[in-house]
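Written out below as structure tokens is the structure these notes cover.
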Amino acid sequence: MHTNYYFLRQLAPALTQQLTGYTVVACFSQEKDELVLGLTNGAEEFWLRVLLAAAGPLITLPESFHRARQNSVDLLPELLGQQVAEVAAWPNDRVLQFTFQSGATLLLKLYSTRPNAIFRPTPEAPVQLFHQRYTADAELQPTSALTAPTPPEAADLPSNPLKAYPSLNDVVAAYLRTRGYDPAPLEHKWQLVQEVVQELENPAAFYVIRLDGRTRLSLLPVGEVELTLPATDPIGALRRFVPLLLNRRAYEGELRQVRQQLEKRADEAATSAQHVRLRLHALENTVGYRQTADLIMAHLSQIPAGAKQVEVVDFYQDNQPRVIKLKPSETPQRTAQNLYRKAKNQQLETRELSARAERRETEAMWCLERLEELAALPPGDLRTLRQWRKQHGLDPATAAKAAQELPFKVFEDSGFTILVGRNAQNNDLLTQRYAHKDDLWLHAKDVTGSHVVIRQRPGQTVPAPVLERAAQLAAWYSRRKNDSLCPVTYTPKKFVRKPKGAITGQVVVERENVLLVVPANPFERAE
């Protein structure tokens, strides 16, 4: 409600009293949609910062302002040197008009959509727009007759009295409901609306309220009243309200972000664990390679050379007959040998799948526990939220920034940065120049592929889920991309060296651990 007409009509006279005779000495912008005005009377300074964003305009009156040396752009040069004569609010509108002694005007159009600033150095001069895309705003003309709107006559009373005053908003409607507006007869509704308009025009105080989950500056005591401020000081009320509002917005935005982050991770981990369990169930409930190999070896004498299949008695299944397919081009012994090798790999896969399911289930549980902790944090305490977020490695994602700074593929996972080389030359750059000796280094075993580095975080070990996902990336960006399973070497970077005369991208690993993973890019949706 701080941009509503009824507050602006209180703010405008206070600004006139404060700024009459002040000269504009600075007009610039440091952020998108920001307009900053610096004024002085020679002894004191006054700052006006207006955010003209389509998501909602905001007027702030900081007691001091430090202009940045970089990313700062001067605006409206002809506004400099202009001396304030008057500040006025347009009747029943959200426009604040600054009139200067030279006749120049500056209109701050504070609409919730398409806000703008419109400057005229003289009444005849071309219009200068802050948002030049809103060309229709050039038609807005300043006026010298800014009188209060005349209330409608009773004979012109509409069926809904609220429509008689276009500046009455949802705060007023909520206040009227507390006074029995909805069930009242039309004549009484008209009386209630007129009484509320009188309160708005002559407020007893300004109130910082919480209504429908939003923090508002109100001229009426409705909802949850958090602060009561004197009606004689609208500038002071705005200075108390805006920092609180911005803090709340930052808190609510970060709270929503971390909640969504945890919910997404919990859902992805639970889904992944479910898929792994299904794969495990399928492996455990189908005939294994070892059983088939045993049956072939037990019935070698019954298998003619070059046979495509053979029917045997399956002693693993109550001596039921079973048909086994064979390759005519290889001996039954070689077929059995290959099946024994596959059985060994299947055992490795089963162990890896079981461990992965446990890790993903643990991660899902960890996320759910953090969500419970998040709900128990003190509401509105941004500092506590940020400390908690940092403690659990849930800082805002910096992948986009890192991607601009680093010549590698960059992924963020639970607060850890994962770097992936793009080619052989890039691999050398990553391993030899960018990786720290204590960073974790990964590579698909025994094949060509990208070097992968998990950057260390002081005092923290790399969690198993992060290691697994980095290993999946190493497998994905290698020649084993299409294999069902891929062994991945991982070791601290200090155990990786490049021998003299080695080709581009070639290194020697002195100590290694091996992790078996399914090749995948687990960050594919976020990449």
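In terms of modelled atom types and a separation under 3.5 Å, the side chain of Thr504 and the main chain of Ala424 share no donor-acceptor contact. Arg49 contributes no side-chain N or O that, together with a main-chain N or O of Pro62, makes up a donor-acceptor pair within less than 3.5 Å. Within the 3.5 Å criterion, the main-chain N or O of Glu31 finds a donor-acceptor partner in the side chain of Glu34. Of the possible donor and acceptor atoms, none in the side chain of Asp413 sits under 3.5 Å from a partner among the backbone N and O of Phe416. Panel note: side chain Gln18, backbone Phe46; no donor-acceptor pair is recorded below 3.5 Å. Between the side chain of His131 and the backbone N or O of Ala53 there is no donor-acceptor pair closer than 3.5 Å. In this structure a side-chain-to-backbone donor-acceptor pair under 3.5 Å is missing from Asn4 to Arg94. A side-chain donor-acceptor contact under 3.5 Å links Asp439 to the backbone of His436. Judged purely by atom type and a 3.5 angstrom limit, Arg389 uses its side chain to pair as donor or acceptor with the backbone of Leu394. In terms of modelled atom types and a separation under 3.5 Å, the side chain of Asn41 and the main chain of Thr23 share no donor-acceptor contact.
Contact check on Glu199 versus Arg179 returns a salt bridge, with a Lys/Arg side-chain nitrogen under 4.0 Å from an Asp/Glu carboxylate oxygen. Ion pair Glu252/Arg210 flagged as a salt bridge, since at least one NZ, NE, NH1 or NH2 atom sits closer than 4.0 Å to an Asp/Glu carboxylate oxygen. The pair Arg248-Glu226 counts as a salt bridge, with a side-chain nitrogen and a carboxylate oxygen less than 4.0 angstrom apart. Taking a cutoff of 4.0 Å between a charged side-chain nitrogen and a carboxylate oxygen, Lys493 and Asp438 do not qualify as a salt bridge. In summary, Asp74 and Arg67 engage in a salt bridge, as defined by a charged side-chain N under 4.0 Å from a carboxylate O.
A pairwise comparison of heavy atoms in Pro378 and Thr384 identifies CD-CG2, 4.0 Å as the closest pair. Listed here is the closest heavy atom pair of Gly421 and Ser450: O-OG, 2.8 Å. Taking all atoms of both residues into account, the shortest heavy-atom contact from Leu368 to Ala266 is CD2-CB, 4.3 Å. Between Leu35 and Cys27, the shortest heavy-atom distance links the atoms CD1-SG, 3.7 Å. The minimum heavy-atom distance between Ile118 and Arg120, with the atom names listed, is CG2-NH1, 3.8 Å.
Because its NZ or CZ atom is both nearer than 6.0 Å to the ring centre of Trp366 and within 45° of the ring axis, Arg370 counts as a cation-pi partner of that residue.
Side chains of Leu371 and Leu262 form a contact here, defined as non-hydrogen atoms less than 4.5 Å apart. Contact annotation: the side chain of Leu385 approaches that of Leu374 to within less than 4.5 Å [non-hydrogen atoms, C-beta and beyond]. A heavy-atom distance below 4.5 Å is not found between the side chains of Tyr165 and Val196. Put simply, the side chain of Phe206 does not reach to within 4.5 Å of the side chain of Arg240, judged on heavy atoms. A 4.5 Å side-chain heavy-atom check between Leu238 and Thr60 finds every atom pair outside the cut-off.
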Side-chain polar contacts of residues 98-105 - donor-acceptor pairs under 3.5 angstrom, sequence neighbours left out - could you list them?
residue	atom	partner	partner atom	Å
Thr99	OG1	Gln97	NE2	3.2
Gln101	NE2	Gln83	OE1	3.3
Ser102	OG	Gln82	OE1	2.5
Ser102	OG	Ala104	N	3.4

Chi angles and distances behind the side-chain hydrogen bond (donor to acceptor under 3.5 Å, both in side chains) call for Gln191, Glu187 | CA-CA 6 Å; Gln191 181 183 350; Glu187 293 78 7; over 6 Å; no

Is there a ring pair (Phe, Tyr, Trp, His ring centres under 6.0 Å) between His188 and Trp190 once you walk through the steps?
-> CA-CA 5 Å; His188 187 48; Trp190 170 245; over 10 Å; no

Apply the test side-chain contact (heavy atoms from CB on, under 4.5 Å) to residues Gln70 and Gln30: give CA-CA distance (whole Å), side-chain angles for both, the deciding distance (0.1 Å), then the verdict.
-> CA-CA 8 Å; Gln70 297 180 340; Gln30 298 180 155; over 6 Å; no

Show your reasoning for whether ring pair (Phe, Tyr, Trp, His ring centres under 6.0 Å) applies to Tyr181 and Tyr175.
-> CA-CA 9 Å; Tyr181 178 82; Tyr175 182 68; over 10 Å; no

Going through the distances and angles, do Arg265 and Glu268 end up as a salt bridge (charged side-chain N to carboxylate O under 4.0 Å, His left out)?
-> CA-CA 5 Å; Arg265 281 182 57 185; Glu268 288 179 348; over 6 Å; no

Working for ring pair (Phe, Tyr, Trp, His ring centres under 6.0 Å), residues Phe119 and Phe130 = CA-CA 8 Å; Phe119 176 61; Phe130 178 82; over 10 Å; no

Trace of the side-chain contact (heavy atoms from CB on, under 4.5 Å) decision for Tyr5 with Trp90 = CA-CA 8 Å; Tyr5 161 69; Trp90 282 19; over 6 Å; no

Do Ile454 and Thr417 pass the side-chain contact (heavy atoms from CB on, under 4.5 Å) test, and can you show the C-alpha distance, the side-chain angles, and the key distance before you say yes or no?
-> CA-CA 6 Å; Ile454 306 175; Thr417 300; over 6 Å; no

Would you sort out whether Leu467 and Leu442 count as a side-chain contact (heavy atoms from CB on, under 4.5 Å), showing the intermediate values?
-> CA-CA 9 Å; Leu467 176 60; Leu442 303 94; 3.8 Å; yes

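The CG atom of Asp381 sits 8.5 Å away from atom CG of Asn247, with the distance rounded to the nearest 0.5 Å.
Ring geometry, Phe28 versus Trp47: the interplanar angle exceeds 60°, so the pair is classed perpendicular (tilted spans 30 to 60°). Ring geometry for Phe241 against His2 counts as tilted: the plane angle lies between 30° and 60°, on a 0 to 90° scale.
Evaluation of the side chain to side chain contact (heavy atoms under 4.5 Å, CB included) rule for Ala174 yields Arg177, Leu211, Val222 as partners, not counting sequence neighbours. Contacts of Asp182 classified as salt bridge (Lys or Arg N to Asp or Glu O under 4.0 Å), with partners at least two apart in sequence or in another chain: none.
No donor-acceptor contact under 3.5 angstrom links the side chains of Glu45 and Tyr22, judged on distance only. Gln257 and Gln261 form no side-chain donor-acceptor contact under 3.5 Å, judged by distance and modelled atom types alone. No hydrogens or angles considered: nothing links the side chains of Asn116 and Tyr111 as a donor-acceptor pair under 3.5 Å.
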